[in-house]
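Heads up, the thing below is written out as structure tokens.
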Amino acid sequence: MEYNFTAIEKRWQIFWEEEGSYRTDESSGKPKYYILDMFPYPSGAGLHVGHPLGYIASDIVARYKRHQGFEVLHPMGYDAFGLPAEQYAIDTGNHPADFTDKNIARYREQLQMLGLSFDWSREVKTSDPAFYKWTQWIFIQLFHSWYNINSDRAEEINTLIQEFEIHGNENVNAVCTPTPSFTATAWNKMDEQEQQKILLNYRLAYIGNSEVNWCEALGTVLANEEVKDGVSERGGYPVVKRTMKQWFLRITAYAERLIQGLDTISWPEAIKEIQRNWIGKSTGAEVSFKIKGTHEDALDLNVFTTRPDTIFGATFMVLAPEHALVSAITTEEQKNVIQDYIEQAKRKSDRERMAETKKISGAFTGAYAINPFTGTEIPIWIADYVLADYGKGAIMAVPGHDSRDWAFAKHFNLPILEVVKGGNVLEASYDAKDGELVNSGFLNGLMVKDAINLAISKLEEAGIGSKQINYRLRDANFSRQRYWGEPFPIIYKDDIPYSVNEKELPISLPEVSSYKPSGSGSSPLAALNEWVNLPDGSRRETNTMPGWAGSSWYFLRYMSPNNNEEFISKEREQYWKNVDFYIGGAEHATGHLLYSRFWHKFLFDRGFVSTDEPFKKLINQGMIQGRSSILYRKKDSNTFVSKNLISNYETTEIRVDVNLVENDILNTDLFKAWRPEFQNAAFILEGDKYICGAEVEKMSKSKYNVVTPDSMVAKYGCDTFRMYEMFLGPIEQSKPWNTEGIDGVSRFLKKLWNLFFDKDGNISLSEEKPDADELKILHKTIKKVTEDIERFNLNTCISSFMICVNELGALKCNKRSILEPLIILLAPFAPHISEELWQQIGNNSSINKCAYPKHNDEFLVESTFEYPISINGKLRAKLNLDLNLNKEQIEKAVLQLEEVQKWCNGNPPKKIIVVPGRIVNIVV
RNA sequence: GCUCUGGUGGUGGAAUUGGUAGACACGCAGGACUUAAAAUCCUGUGAUCAUUGCGAUCGUGCGGGUUCAAGUCCCGCCCGGAGUACCA
């Protein structure tokens with residue numbers, strides 16, 4: 001019987017579907033295992049061969065865990081809100097939902113074709129009102145919460161209101177927008193509007209009037225994570241800073257816990273490091289400087305520094321141009337200079353500012369600060385190398401020990417002072433935190449570390465400074481001026497935001513006539529007068545939520561996807577807890593993976609979930625790149641020159657569809673038919689072949705290098721395709737797609753198939769007892785495959801299967817006792833062929849229900865070992881010896897070898913190292 | 001610049017605790033079967049030299065070191081990929 005993969009795969013996919021093989025059942029009483037793939041955005045292009053890499057890997061683990069007796073949650077769904085659908089809607093006038101649903105249908109079809117064991121009954125999409133009802137609900141919880149530093153967690157806003165009513169805000173220790181202090185009496189006297197304004201300073205979802213990333217081309221603001229190199233991540237349009245009223249989420253409240261939590265989860269070190277850097281914790285001190293000529297209680301200049309030890313070396317101060325004190329301290333003579341500089345800085349876009357980082361610029365305010373320890377007067381400058389929104393927006397410049405300050409000092413001819421020994425401050429700044437303090441009064445003679453501590457305690461004693469920790473992380477901008485996103489569950493009364501009643505959820509996305517952003521900074525929803533303006537005079541929030549809102553919690557929804565009463569069923573949450581194993585790309589390191597952790601910690605604080613990290617283990621699959629095929633066109637002609645002949649001609653390169661090329665040889669007939677302009681193409685061949693060039697680059701339509709899983713499955717079957725994707729190499733590594741090697745896997749499955757059939761094509765298994773060799777082959781494979789799945793080395797599993805089948809083939813083994821466990825072992829990797837063979841050999845229930853085979857060490861015991869004999873560390877001979885021999889016996893046997901005698905040349909060996917069961921090394 | 005990664009045959013890759021470098025595949029070459037091709041099977045395949053046989057030397061980005069023994073550990077460099085970028 002032929003191995004007809006098309007028929008086999010279809011048959012079992014229908015069977016599993018009908019049988020409900022992959023339905024998850026929380027009542028099974030088994031231990032749970034939650035394995036998750038990252039939420040795909042269903043793009044119009046569908047899947048290419050790179051996408052399924054992670055899906056296949058997670059599917060193998062899911063199936064393996066089921067065989068191991070776990071109840072497995074392995075769901076799939078769609079991050080369905082997003083810009084491409086909206087852009088399509090703007091361009092065509094069609095509803096983005098239609099476009100999205102069409103794409104989802106295509107995605108699902110492709111995923112099902114791969115035999116992935118998802119529980120499709122749990123499929124979710126973020127654009128479904130039944131889903132975003134709960135995204136809006138979580139937002140309301142954020143709105144109704146504040147972060148209490150004393151209890152170090154988020155609490156319901158009522159606990160804050162109660163505190164205000166009794167003690168005012170004097171004892172409140174919260175992560176909040178700076179708020180003047182008030183007493184209980186004052187609070188109780190305030191009217192509703194005043195109280196709400198104050199509460200907004202404390203809420204975890206709040207409205208801020210601050211600088212945002214405005215992207216004119218997209219007509220919306222973007223989060224820091226959505227801006228790369230001064231342009232939008234999607235589309236690459238310029239982004240400028242602009243002050244707007246926006247919703248923010250107070251993620252900064254969780255900065256420390258987001259760092260600490262990294263130590264408790266099993267993630268790639270690289271991703272953890274990216275998150276640590278993104279959060280950007282730095283420890284130092286806040287120091288307050290008096291300004292010359294102002295009174296005691298007048299303006300102080302506060303700075304943040306990580307090097308309080310170098311305070312004696314501070315020879316000037318620098319403020320950000322936007323700093324609040326600038327206008328107050330600037331002297332009459334310097335007013336114009338400063339004004340000009342501020343204007344000039346304002347005009348620069350982020351991009352220009354970045355491009356000009358090497359250019360040094362600044363202006364002198366005319367004012368002086370007083371060094372609290374020396375009394376020295378220090379000139380105060382402004383410069384755009386100091387950022388307004390980091391630290392205090394002001395620094396004490398120590399040119400001797402900070403390279404940026406040094407460059408600034410050189411440029412403006414300011415004094416440079418050495419206060420830490422170790423470098424030559426006339427040549428370059430000495431930034432290392434290592435060395436002895438000099439020229440520094442009471443710090444002299446101390447090493448940097450001790451000096452930092454002493455400086456801080458002196459500052460604290462004098463009441464002019466304290467230890468301080470700063471984070472680079474900013475609160476997350478949560479408003480988008482877009483149509484295709486979740487509407488906010490917020491209405492305004494007299495400009496004060498209130499959450500809508502939870503019973504009114506979901507606030508559905510209304511129909512609009514135009515999907516275009518208004519451009520003035522409001523969304524298409526703002527044009528819907530009837531929707532916006534409510535009968536009682538209040539009005540709705542018209543922004544929508546960003547793309548990452550739904551993806552920050554979707555993995556919880558899979559646990560109880562149809563629950564209409566709660567965002568997550570309590571008992572289901574108790575069972576599944578969090579994701580055991582998460583697989584996806586590394587590109588979400590500072591977006592999705594950080595926001596999800598933030599939301600999860602928040603939900604944990606508020607008692608809605610019982611774990612404080614969402615994803616216990618994370619693996620990043622590598623990218624599969626495209627391998628483009630290149631033709632060389634003779635200049636100004638329709639003649640194409642084969643690759644190795646191009647040095648004789650002047651040629652230009654063009655890319656050709658990789659589907660017209662096999663093993664780098666162009667099918668010239670297909671090429672002529674590809675496009676009308678190539679109909680009469682001529683070729684200069686090598687022999688009778690046209691050899692193409694190749695380049696590795698991103699897989700994309702425009703490069704004609706897209707290979708789809710559909711074409712691979714049609715040609716080789718999905719079992720072969722699945723195994724080949726795994727065989728390519730370690731899952732984490734990026735590599736170019738190359739179809740050539742797939743034949744090896746295809747041959748392997750045919751060889752396996754043939755083990756089950758006699759030469760007339762009839763199924764034929766022997767019931768004979770297996771011999772020691774056969775058992776060894778099987779159990780060696782079981783051991784290796786099991787260990788490798790546990791380590792997630794799926795590529796070497798495939799090699800082991802190949803070795804096993806090759807060895808059994810050589811023995812012509814067709815014994816049931818060997819082949820039956822083998823196909824169970826293989827079932828997670830190639831489920832269809834395994835199920836087919838399983839049922840052909842007389843089993844009636846699905847192979848999916850079988851327990852995974854366990855290896856038995858007894859069958860693996862060897863009695864002899866072929867020792868590699870090296871002389872001076874180089875392999876010279878081999879010798880088969882009994883493993884029971886002791887060191888002396890081995891030594892004796894080895895010395896008698898002719899080869900050894902030859903190398904010894906009559907002299908006794910200097911030294912012999914014998915590692916029993918491993919190696920013998922002789923030093924001569 | 002800083003941080004993280006990686007560098008092994010013609011190609012994808014293996015070597016899990018310092019112990020036979022190149023498993024397993026692809027490709028290539030030769031052979032068998034065939035009228036022929038495809039498919040299948042067998043043999044060979046790191047490089048150089050020697051080839052009548054034995055063999056010898058080199059070899060995991062480069063240069064050092066530790067060790068009986070280094071792809072693996074240590075020190076210093078080079079190159080690629082990713083992240084980040086005036087973060088005080």
Side-chain angles (χ1 to χ4, degrees), chain A residues 228-230 268-278 280-282 284-285 303-307 310 318 320 353-354 356-360 383-387 389-398 401-405 407-408 431 470-474 586-587 589-590 620 622-623 663-664 724 727-730 732-745 747-748 750-751 754 784 787-788 791 793 795-804 806 809 866-878 909-915 917-924:
Chain A
K228 296 261 145 77
D229 301 324
E269 210 37 57
I271 297 281
K272 291 190 186 181
E273 203 55 33
I274 290 171
Q275 292 208 344
R276 283 191 197 105
N277 290 339
W278 189 260
K281 179 179 182 175
S282 54
V303 302
F304 174 71
T305 176
T306 54
R307 294 295 300 275
T310 60
V318 187
R353 206 158 151 165
M354 267 179 220
E356 289 173 11
T357 51
K358 302 263 145 34
K359 271 196 206 162
I360 294 159
D384 66 3
Y385 84 90
V386 172
L387 304 178
D389 61 355
Y390 182 81
K392 296 286 162 195
I395 61 158
M396 62 174 208
V398 184
H401 306 284
D402 181 289
S403 55
R404 293 152 307 184
D405 298 344
F408 193 84
D431 295 13
N470 239 302
Y471 300 92
R472 198 187 77 117
L473 186 71
R474 296 279 81 100
E587 66 273 20
T590 54
N620 296 123
M623 266 221 315
N663 293 354
D664 286 342
Y724 182 55
F727 189 57
L728 284 174
E732 300 92 329
Q733 253 166 53
S734 290
K735 56 220 144 208
W737 177 260
N738 188 347
T739 306
E740 278 169 39
I742 199 169
D743 283 329
V745 176
R747 279 175 203 146
F748 155 75
K750 279 182 205 152
K751 283 188 222 170
N754 289 333
K784 173 84 174 141
E787 285 172 358
D788 281 355
R791 270 199 306 268
N793 292 345
N795 53 330
T796 48
C797 289
I798 313 295
S799 304
S800 307
F801 281 122
M802 288 174 170
I803 294 168
C804 177
N806 287 345
E866 190 178 46
Y867 279 91
I869 313 298
S870 30
I871 289 156
N872 293 336
K874 274 195 180 132
L875 180 73
R876 294 295 176 186
K878 288 187 179 181
K910 265 191 204 158
K911 195 172 180 184
I912 303 181
I913 291 100
V914 177
V915 186
R918 273 268 155 112
I919 200 169
V920 177
N921 190 16
I922 300 164
V923 188
V924 299

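Chain A is the first sequence line, chain B the second, and so forth, proteins listed ahead of strands; every chain is numbered from 1.
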Over 60° means perpendicular and under 30° means parallel, so tell me whether Trp737(A) and Tyr724(A) are parallel, tilted or perpendicular.
perpendicular
Just how far, in rounded Å, is [atom2] of [N] from [atom1] of [X]?
| X | N | atom1 | atom2 | result |
| --- | --- | --- | --- | --- |
| Asp743(A) | C24(B) | CG | C1' | 15 Å |
| Gln275(A) | G83(B) | CD | P | 15 Å |
| Leu473(A) | G83(B) | CG | P | 19 Å |
| Ile742(A) | G27(B) | CD1 | P | 12 Å |
| Lys750(A) | C41(B) | NZ | P | 9 Å |
| Asn754(A) | A39(B) | CG | P | 16 Å |
| Ile919(A) | A21(B) | CD1 | C1' | 12 Å |
| Glu866(A) | G19(B) | CD | C1' | 15 Å |

Within the 4.0 Å limit for protein heavy atoms, which parts of nucleotides 1-18 of chain B are touched? Write it as a string from 5' to 3', B for base, S for sugar-phosphate only, - for none.
--SS-------BSS-B--
From [X] atom [atom1] to [Y] atom [atom2], the distance as rounded to the nearest 0.5 Å:
| X | Y | atom1 | atom2 | value |
| --- | --- | --- | --- | --- |
| Thr590(A) | Gln275(A) | OG1 | CD | 8.0 Å |
| Met396(A) | Arg307(A) | CE | CZ | 9.0 Å |
| Arg918(A) | Ile913(A) | CZ | CD1 | 15.0 Å |

With a 4.0 Å cut-off on heavy atoms, is [X] in touch with a base, just the backbone sugar-phosphate, or nothing at all?
| X | result |
| --- | --- |
| Asn806(A) | sugar-phosphate |
| Lys272(A) | nothing |
| Lys392(A) | nothing |

I'd like to check the ring-ring contact (aromatic ring centres under 6.0 Å, His included) partners of Phe727(A); sequence neighbours left out, ordered by chain and number.
none
Identify, with sequence neighbours excluded, every residue that meets ring-ring contact (aromatic ring centres under 6.0 Å, His included) alongside Phe801(A).
Phe829(A)
Please report the distance separating the [atom1] of [N] from the corresponding atom of [M], rounded so that it comes out in whole Å.
| N | M | atom1 | result |
| --- | --- | --- | --- |
| G81(B) | U8(B) | P | 15 Å |
| A38(B) | A32(B) | C1' | 16 Å |
| G10(B) | G6(B) | P | 23 Å |
| G7(B) | U17(B) | P | 16 Å |
| C74(B) | U5(B) | P | 13 Å |
| U66(B) | G13(B) | P | 34 Å |
| G12(B) | C28(B) | C1' | 16 Å |
| A82(B) | A69(B) | C1' | 36 Å |

Among residues at least two apart in sequence or on other chains, which ones pass side-chain hydrogen bond (donor to acceptor under 3.5 Å, both in side chains) with [X]?
| X | value |
| --- | --- |
| Glu273(A) | Arg276(A) |
| Ser282(A) | Tyr390(A) |
| Lys272(A) | none |
| Lys878(A) | none |

Identify, between Tyr471(A) and Ile798(A), the residue whose nearest nucleotide on RNA chain B lies closer to the 5' end.
Ile798(A)
Reading RNA chain B from 5' onward, which residue's closest nucleotide shows up sooner: Ile803(A) or Ala394(A)?
Ile803(A)
Hey, are the side chains of Ile869(A) and Leu875(A) touching, using non-hydrogen atoms and a 4.5 Å cut-off?
no
Distance criterion of 3.5 Å, no angle test: do you see the side chain of Lys878(A) paired donor-to-acceptor with the base of U20(B)?
yes
Quick check for you: among U20(B), C26(B), G19(B), whose closest atom lies nearest to any side-chain atom of Leu875(A)?
U20(B)
Among A25(B), A88(B), C26(B), the one nearest Ile395(A) by side-chain distance:
A88(B)
Does G22(B) sit syn or anti, given that only angles within 90° of 0 count as syn?
anti
Kindly say if Arg307(A) contacts the phosphate of A88(B), meaning a side-chain N or O under 4.0 Å from OP1 or OP2.
no
Please check the phosphate of G83(B) (OP1 and OP2 only) for any side-chain N or O of Arg276(A) closer than 4.0 Å.
no
With sequence neighbours excluded, tell me which residues meet side-chain contact (heavy atoms from CB on, under 4.5 Å) with Ala270(A).
none
Of all residues at least two apart in sequence or in a different chain, which pass the salt bridge (charged side-chain N to carboxylate O under 4.0 Å, His left out) check with Asp405(A)?
none
Tell me every residue that passes salt bridge (charged side-chain N to carboxylate O under 4.0 Å, His left out) with Asp788(A), counting only those two or more places apart in sequence or in another chain.
Lys784(A), Arg791(A)
Per-nucleotide pairing state of RNA chain B [Watson-Crick or G-U, under 3.5 Å; [ ] pseudoknot-crossing; | other strand]
(((((((..(((......[....)))((((((.......))))))((((.....))))..(((((..]....))))))))))))....
Between protein and nucleic acid, restricted to nucleotides 65-72 of chain B and to nitrogen or oxygen atoms under 3.5 Å apart, what atom pairs and distances do you find?
from   : atom 1 : to        : atom 2 : distance (Å)
C68(B) : O2'    : Asn921(A) : ND2    : 3.0
C68(B) : O2     : Asn921(A) : ND2    : 2.7

